[in-house]
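Below is one structure, written out as structure tokens; the observations come after it.
A, B, ... follow the sequence lines: proteins, then strands. Residue 1 opens every chain.
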There are 2 protein chains.
Amino acid sequence: MPPDTKARLLQSAERILRERGYNGFSYADLAQEIGIRTASIHYHFRAKSDLVLALIERYAERIAGGLADLSRTAPTGADRIAGYVAVYRDALRQGSSLCLCVSLSADAESLEPTALAALEAFHQGGIAWLTEAFELAAEDGSIEHVGAPASEAAATLALVEGAQLVGRASRSAEPFERAVALLMARLRDVG
Amino acid sequence: MPPDTKARLLQSAERILRERGYNGFSYADLAQEIGIRTASIHYHFRAKSDLVLALIERYAERIAGGLADLSRTAPTGADRIAGYVAVYRDALRQGSSLCLCVSLSADAESLEPTALAALEAFHQGGIAWLTEAFELAAEDGSIEHVGAPASEAAATLALVEGAQLVGRASRSAEPFERAVALLMARLRDVG
DNA sequence: GTCTATACGGTGATAGAC
DNA sequence: GTCTATCACCGTATAGAC
């Protein structure tokens with residue numbers, strides 16, 4: 001019945017980290033937000049690096065789960081790409097936060113090797129999923145002039161991550177929409 | 001003859017900030033690197049926010065100057081886009097650093113309004129330059145199937161910034177190259 | 001211009017009581 | 001599980017001597 005502290009910690013930590021970056025958030029912020037002392041956080045996560053690693057893994061699983069759902073429910077390649085872009089649009093939250101892994105990539109220098117490896121795995125997973133989506137699109141004709149699927153995938157991942165960054169600098173969703181407009185225009189039959 | 005301390009400060013600060021982010025570098029790092037005390041840095045830049053603002057303005061001018069040169073020397077739209085991509089490729093330095101403004105965009109929450117405004121101006125300037133380059137390309141036919149120049153510009157800015165981020169997470173140049181490969185393939189007659 | 005000295009709060013982390 | 005108390009720094013910033 002009492003809310004699971006560890007879960008609340010993860011939830012708050014993710015939000016703060018996505019707003020302020022790895023070096024911009026502390027156990028003190030976190031402690032204040034959920035109403036315990038910093039010492040208590042160390043009980044759940046021995047070190048800040050442990051918390052961050054748990055955060056990445058949890059985040060990667062959640063996104064991977066969402067993409068797997070999308071693969072099942074989206075019939076065309078265009079539907080899948082539209083859904084993928086929506087994931088990043090939602091994560092931007094009108095320019096107020098970044099995808100956890102976009103935020104952490106910028107602070108790569110401060111991360112442990114294990115966290116760095118998890119970050120790379122996240123990117124690799126995104127590219128693999130996008131490659132499949134573009135392969136499907138090449139077959140079903142739902143996206144205009146599709147190039148090599150692996151190249152389209154790498155470009156699309158960079159596009160949405162960069163679009164988030166530009167939106168973050170403007171604290172607005174508009175730059176994101178402008179950046180993905182051409183990609184969205186290539187999609188056919190998307191509601 | 002004695003090296004200008006202010007200039008050395010700016011040079012070192014830019015390097016460190018691009019490697020570690022706004023919240024990941026301190027006056028102490030800077031002081032140690034150029035061999036003076038932190039108190040002396042405050043003589044040149046009253047507060048960290050003043051240093052960062054000077055850094056952005058200097059950086060924006062340098063990049064704008066480079067792009068202006070490129071406009072004069074690159075005859076086709078494709079040449080200009082290739083040159084633009086090269087600017088970001090060089091700034092990535094094999095995955096060891098980011099464009100100053102990519103780094104700062106991720107730490108937007110920590111910046112003063114003046115710095116944020118300068119960041120937005122940097123992005124706006126990049127998009128304006130790219131828009132002209134794509135307009136030229138639409139006329140000279142040097143890039144395949146050019147869409148609305150303003151849309152191409154917004155997408156290209158996001159693409160190269162995102163490509164840097166993915167490269168940074170892997171401490172490698174390869175993800176950057178993969179991300180821009182399709183764009184580069186659209187360019188014709190580029191040595 | 002650069003220094004020493006210092007203020008003052010933040011930082012991740014630990015020991016041990018409850 | 002959470003607390004109090006405490007540690008050993010590190011952070012930006014200032015005052016005033018040289």
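The CG-C1' distance, from A:Leu30 to D:dT2, rounds to 15 Å in whole Å. Here D:dC10 presents its P atom at 18 Å from CG of B:Asn23, a figure rounded to the nearest Å. Whole-Å rounding puts the A:Arg37 CZ to D:dC3 C1' distance at 8 Å. Taking atom CG of residue A:Asp4 and atom C1' of nucleotide D:dG1, one finds them 12 Å apart after rounding to whole Å. Atom C1' of nucleotide C:dG1 and atom CZ of B:Arg8 are separated by 13 Å, given to the nearest angstrom. Here the C1' atom of nucleotide C:dT2 and the CG atom of B:Leu9 are 12 Å apart, to the nearest Å. For the pair A:Ile36 CD1 and C:dC18 P, the computed distance is 21 Å after rounding to whole Å. In this structure, NZ of A:Lys6 is placed 15 Å from C1' of D:dT2, rounded to the nearest angstrom.
In the helix from C:dG1-D:dC18 to C:dC18-D:dG1, the rotation axis of the first five pairs and that of the last five pairs differ in direction by 10°, rounded to 10 degrees.
Stacking of A:Lys48 on the aromatic ring of A:Phe25 is recorded, both the 6.0 Å distance cut-off and the 45° axial limit being met.
Around atom CD of B:Glu135, more than 12 heavy atoms belonging to other residues, nucleotides or ligands sit under 6.0 Å away.
Aromatic ring orientation, B:Tyr84 versus B:Tyr88: tilted (interplanar angle from 30° to 60°).
For residues 83-93 of chain A, the set of pairs meeting the salt bridge (Lys or Arg N to Asp or Glu O under 4.0 Å) definition, not counting sequence neighbours, comprises A:Arg89-A:Glu177. Listed by first and then second residue, the ring-ring contact (aromatic ring centres under 6.0 Å, His included) pairs that reach into residues 132-172 of chain A are A:His145-B:His145, sequence neighbours excluded.
Remark: the A:Thr76 side chain and the A:Asp140 side chain contain no N/O donor-acceptor pair separated by less than 3.5 Å.
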Please tabulate, one pair per line, each protein N/O and nucleotide N/O from nucleotides 11-13 of chain D that are separated by under 3.5 Å, including the distance.
from	atom 1	to	atom 2	distance (Å)
D:dG11	OP2	B:Ser26	OG	3.4
D:dT12	OP1	B:Lys48	NZ	3.2
D:dT12	OP2	B:Tyr27	N	3.0
D:dA13	OP2	B:Lys48	N	2.8
D:dA13	N7	B:His42	NE2	3.4

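Note on A:Glu33 versus A:Arg8: no salt bridge recorded, every NZ/NE/NH1/NH2 to OD/OE distance being 4.0 Å or above.
The phosphate of D:dC3 has OP1 or OP2 within less than 4.0 Å of a side-chain N or O from A:Ser40.
The side chain to side chain contact (heavy atoms under 4.5 Å, CB included) test applied to A:His123 returns A:Ser105, A:Leu157, A:Glu161, B:Val166, B:Ala169, not counting sequence neighbours. With sequence neighbours excluded, the residues satisfying side chain to side chain contact (heavy atoms under 4.5 Å, CB included) with B:Ala47 are B:Ser49, B:Asp50.
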